[in-house]
Number of protein chains: 2
Amino acid sequence: MAQTDTVTRILDTAEVLFAERGFAETSLRNITGKAKVNLAAVNYHFGSKKALIQAVFSRYLDPFSDRFHAAIDELERGYGDRVIPLEVLLETMARTVLEVPAERHSLKVFMRLLGLAYSQAQGHLRRYIQDQYGTVFTRFVALVRKATPELPDSERFWRLHFALGTVIFTLSGLDALRDIAEKDYDEHVSVRDLVRRMMPVVVSALKAPLPEPAPTTPPATREPTA
Amino acid sequence: MAQTDTVTRILDTAEVLFAERGFAETSLRNITGKAKVNLAAVNYHFGSKKALIQAVFSRYLDPFSDRFHAAIDELERGYGDRVIPLEVLLETMARTVLEVPAERHSLKVFMRLLGLAYSQAQGHLRRYIQDQYGTVFTRFVALVRKATPELPDSERFWRLHFALGTVIFTLSGLDALRDIAEKDYDEHVSVRDLVRRMMPVVVSALKAPLPEPAPTTPPATREPTA
DNA sequence: CCAGTATTCAAACAATTGTTTCCAACTGCC
DNA sequence: GGCAGTTGGAAACAATTGTTTGAATACTGG
């Protein structure tokens, strides 16, 4: 072992560069150069660039998955068969998300990676995440369902994704937004601040009144095909 | 002119491919091949790939900017110096967003492009959009400010971005989400449906109670550096 | 110490990228 | 009709990409 393991040095560098510039825009020479390892090391240790990308994600998501399962276990034990309130569920999720990357890396990087996983083409990534970590989210959604019985299932589905959009979009674009906020409002927000700020917003969003049903007769404006 | 202008054939193809796979993952040969124009045509008509990307955006954003300015003009004329309610502002925004791409292209593509503009590295793009279309949004934000006087400026700033995240994330990942929704809930949602569904959620989000101030003494969990 | 495995390294590989070049085809105009 | 300038097209360009190779080196168990 030189100073730190080659594998972890590659992972550490890759996740930062991926988060900064995206997957396609980050070349292996870029990574290996900055990590001061040989170019072939990536293909030797991981097999391919795609495998490296997945490895970067599992290093975050494996501990997250474990901890979140554990946190839900504890929650269910504490509440018995009473309903766990929505706020508690969201707090637990937030706490776990905040804890995991804090141990080694930055939450900003983690969220940026998550955002990329959704927005970049990279079909293999979405599939990988879905296959590997789908069960945790299914479990979470089931609890949210009990906490919001007044919501139709499909409405809850969409609203959870609305909330997911809020979180991922904000935290993955954090740097740019923070710059503006600091310049315009002279306030320095930490990630924890932001999560605290999101909490009432997300709760209100999930509990919002149901939309009025689709109008049978369209309003005055011409109806486009989109 | 062959059948349709080469320039518009390039733009039509490029926007679809960009939306499907991202900018870096879409090669010029990909575009020119599908558009059945010569490879050199892109560099001849647009100058570079970067310029092509910007051209794709202005074809959407120019009409949007014009229409939205006009819509706000009319709104201000109608309301005089009374405050325009938040719901009306959001409705106007939604209507304009729905109208513009409907004339020629799909809203899904438009939103996917917007999402990419935020998430992909492509620094030049964010700068271009900011420089070119910043004033429209500034105007909109000023009206929202009057409509939500109870919100601190910085809080409104963040919440507007929360809402932006909801919209862009949902509509740019529309296809995947729609597939799930159709499979799991057997309901076919149109873009208009989704926008209608988002409306009360966004309104509630913006009007949510203010977060409790940051705790002076951190909770039991160790405070990470992120 | 030595055999054998695991790792590192420089170099080359084939494929793909954006861009440029140079020439043919076409356009409108006097 | 012939000449300007614009557009179309095939080929080549230089640069960069992910991956593979084969030899050199480091490590490990006996």
Side-chain angles (χ1 to χ4, degrees), chain A residues 1-59 113 116-117 120-125 127-128, chain B residues 1-59 113 116-117 120-125 127-128:
Chain A
M1 176 182 330
Q3 40 182 8
T4 53
D5 197 303
T6 304
V7 174
T8 70
R9 207 153 71 241
I10 291 177
L11 286 173
D12 286 343
T13 314
E15 71 174 25
V16 172
L17 292 184
F18 283 154
E20 279 176 1
R21 338 216 275 242
F23 304 114
E25 294 88 344
T26 305
S27 70
L28 293 186
R29 284 170 178 79
N30 241 314
I31 298 171
T32 55
K34 195 156 193 171
K36 290 198 224 307
V37 301
N38 190 271
L39 169 61
V42 169
N43 284 280
Y44 176 76
H45 286 287
F46 297 93
S48 70
K49 187 181 180 181
K50 262 157 88 163
L52 170 63
I53 295 177
Q54 296 184 350
V56 166
F57 272 85
S58 28
R59 202 166 58 142
L113 289 175
L116 287 175
Q120 303 251 115
Q122 301 291 356
H124 73 99
L125 232 191
R127 239 174 297 122
Y128 172 78
Chain B
M1 172 180 338
Q3 40 183 6
T4 52
D5 197 306
T6 305
V7 175
T8 71
R9 207 153 70 243
I10 291 177
L11 285 173
D12 287 344
T13 314
E15 72 175 25
V16 172
L17 291 184
F18 283 155
E20 279 176 1
R21 336 216 274 243
F23 304 114
E25 293 88 343
T26 306
S27 70
L28 292 185
R29 284 171 178 79
N30 241 315
I31 298 171
T32 55
K34 195 157 194 170
K36 290 199 225 305
V37 301
N38 189 269
L39 169 60
V42 170
N43 283 280
Y44 175 75
H45 286 287
F46 297 94
S48 70
K49 187 181 181 181
K50 262 158 85 164
L52 169 62
I53 295 177
Q54 296 184 350
V56 167
F57 272 85
S58 30
R59 202 165 59 141
L113 289 175
L116 287 175
Q120 305 251 117
Q122 301 289 357
H124 73 98
L125 232 191
R127 239 174 297 123
Y128 171 78

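Hydrogens, waters and symmetry mates play no part in the numbers below; they use all other heavy atoms, side chains included. Every chain is numbered from 1 and lettered A, B, ... according to where its sequence line falls, protein lines coming before strand lines.
No option in B:Thr13, B:Thr6, B:Asp12 other than B:Thr6 meets the side chain to side chain contact (heavy atoms under 4.5 Å, CB included) test with B:Ile10. Checking B:Leu52, B:Leu116, B:Leu125 one by one against B:Phe57, the side chain to side chain contact (heavy atoms under 4.5 Å, CB included) holds for a single residue, B:Leu125.
The heavy-atom pair separating A:Ala19 from A:Leu113 by the smallest distance is N-CD2, 3.9 Å. Nearest approach of B:Arg59 to B:Thr8, heavy atoms of both residues: NH1-O, 4.5 Å. What you find for A:Val42 and A:Ser48 is that their closest heavy atoms are CG1-O, 4.5 Å.
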Give every pair of a protein N or O atom and an N or O atom of nucleotides 15-17 of chain D that lie under 3.5 Å apart, one pair per line with the distance.
{"residue": "D:dT17", "atom": "OP1", "partner": "A:Ser27", "partner atom": "OG", "Å": "3.4"}

Set out, line by line, the N/O atom pairs under 3.5 Å between protein and nucleotides 5-7 of chain D.
{"residue": "D:dT7", "atom": "OP2", "partner": "B:Tyr44", "partner atom": "OH", "Å": "3.0"}

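Residues A:Gln54 and A:His124 meet the side-chain proximity criterion, which asks for heavy atoms closer than 4.5 Å.
Once rounded to the nearest 0.5 Å, the distance linking CZ of A:Phe23 with CG of A:Leu17 reads 11.5 Å.
The CG-P distance, from A:Asn43 to D:dG18, rounds to 9 Å in whole Å. Going from atom CD1 of A:Ile10 over to atom P of C:dT7 covers 12 Å, rounded to whole Å.
Listed by residue number, the members of residues 31-40 of chain B with any heavy atom below 4.0 angstrom from DNA chain C are B:Leu39, B:Ala40.
In this structure B:Ser58 satisfies the side chain to side chain donor-acceptor pair (under 3.5 Å) test together with B:Tyr128, sequence neighbours excluded.
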All N/O donor-acceptor pairs, side-chain side in residues 27-35 of chain A, below 3.5 Å, sequence neighbours left out:
{"residue": "A:Ser27", "atom": "OG", "partner": "A:Asn30", "partner atom": "N", "Å": "3.0"}
{"residue": "A:Asn30", "atom": "OD1", "partner": "A:Arg21", "partner atom": "NH2", "Å": "2.9"}
{"residue": "A:Thr32", "atom": "OG1", "partner": "A:Leu28", "partner atom": "O", "Å": "2.9"}
{"residue": "A:Thr32", "atom": "OG1", "partner": "A:Arg29", "partner atom": "O", "Å": "3.4"}

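A:Lys49 places no side-chain N or O within donor-acceptor distance of the main-chain N or O of A:Asn43, the cut-off being under 3.5 Å.
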